[in-house]
Amino acid sequence: MNNTHFRQNLHTHTQYCDGKSTMEEMILFAIEHGYSSLGFSSHSWQPLDTGSMTPDSQKKYINDFFALKEKYGDQIDLHLGLELDSLSDENLRKSGPFEYMIGSVHYLNAKGKEMAIDESREIFESLLSEGFDDDIYAMLAAYYATVKKMIEASDRRGFEVVGHIDLISKYNEEETFFRFDDPEVLDLAMDAVKAGIDRGLIFEINTGAISRGYRTLPYPHPALLKRMADAGAKFCISTDCHNAKDIAQSYEEAIRLAQSAGIDTFYVLAEDGFVPVKASTLL
Ligand SMILES: [Zn+2]
Ligand SMILES: [Zn+2]
């Protein structure tokens with residue numbers, strides 16, 4: 001690992017799941033944008049998610065990864081990972097030579113039915129009205145309880161990174177549904193965050209919704225980010241990229257935003273696991 005300058009993105013999606021680009025296109029863009037390290041985090045198999053990898057495509061994903069590592073390994077460090085949905089099977093870590101996993105909640109159980117939080121605004125609104133009788137606080141409480149439950153199982157499930165912790169705010173750019181600095185909302189989020197801090201998990205600062213035009217700021221929102229930083233959370237920077245051209249979307253802005261919340265140390269994946277580096281190394 002080059003300590004003078006190190007740029008890494010561990011949250012990327014390719015054609016193996018719901019991404020637009022091939023793994024090779026992603027690697028070439030990453031090299032072009034000065035990345036020293038790139039990880040692939042295809043969606044693990046989850047029956048409700050038609051964009052997730054089947055066990056067969058997961059095998060191909062693994063084989064193709066190692067072929068590309070052979071081809072480009074002298075130009076960029078490549079890491080094999082998964083984004084583990086909270087509804088995926090347990091023990092996926094053991095289903096392949098995965099170096100890291102990102103645990104993420106994308107579905108919420110409302111009145112016995114699992115519904116996607118982030119698929120479309122229409123689905124989000126029907127989840128709120130049908131699932132929670134238009135009570136946004138009940139929905140936020142259920143969401144963060146789901147995140148907390150996933151976090152509490154992190155050891156068993158084998159993930160180190162918590163993906164986009166406030167994904168529930170995807171359609172809330174204009175604060176249509178709740179205020180970002182509402183203490184009641186922040187307390188709900190922090191209850192889940194504290195479970196992650198206790199377990200030494202790393203939280204993403206995730207710019208994915210910016211490239212897709214939903215948000216102008218990364219997850220977590222600065223109001224939550226500040227609370228998390230004050231509580232001693234660990235962070236990494238990722239772009240949750242679904243298209244090679246977005247590989248570096250808002251990367252530097254995300255670091256500067258984090259710095260203004262008092263965060264100057266970020267975690268990156270090295271040969272033997274996650275290690276802390278200073279922001280200046282990443283910029
Ligand atoms: Zn995700
Ligand atoms: Zn993702």
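Residue numbers count from 1 along this sequence. For ligands, and for the atoms within them, numbers begin at 1 and follow the listed sequence.
If you check the side chains of S21 and T14, you find no donor sitting under 3.5 Å from an acceptor.
Evaluation of the salt bridge (Lys or Arg N to Asp or Glu O under 4.0 Å) rule for D191 yields K148 as partners, not counting sequence neighbours. With sequence neighbours excluded, the residues that form a side-chain hydrogen bond (donor to acceptor under 3.5 Å, both in side chains) with K278 are T265.
Judged by distance alone, the side chain of R215 and the main-chain N or O of N172 form no donor-acceptor pair under 3.5 Å.
Counting only residues at least two apart or on different chains, the salt bridge (Lys or Arg N to Asp or Glu O under 4.0 Å) pairs with a member in residues 106-125 are K111-D133, R121-E125.
Neighbouring protein atoms of the Zn ion (ligand 2) (N, O or S, distance under 2.8 Å, waters ignored): H11 NE2, H13 NE2, E83 OE1, D240 OD1.
Under a cutoff of 6.0 Å and an axis angle of 45°, R7 and Y35 form a cation-pi pair.
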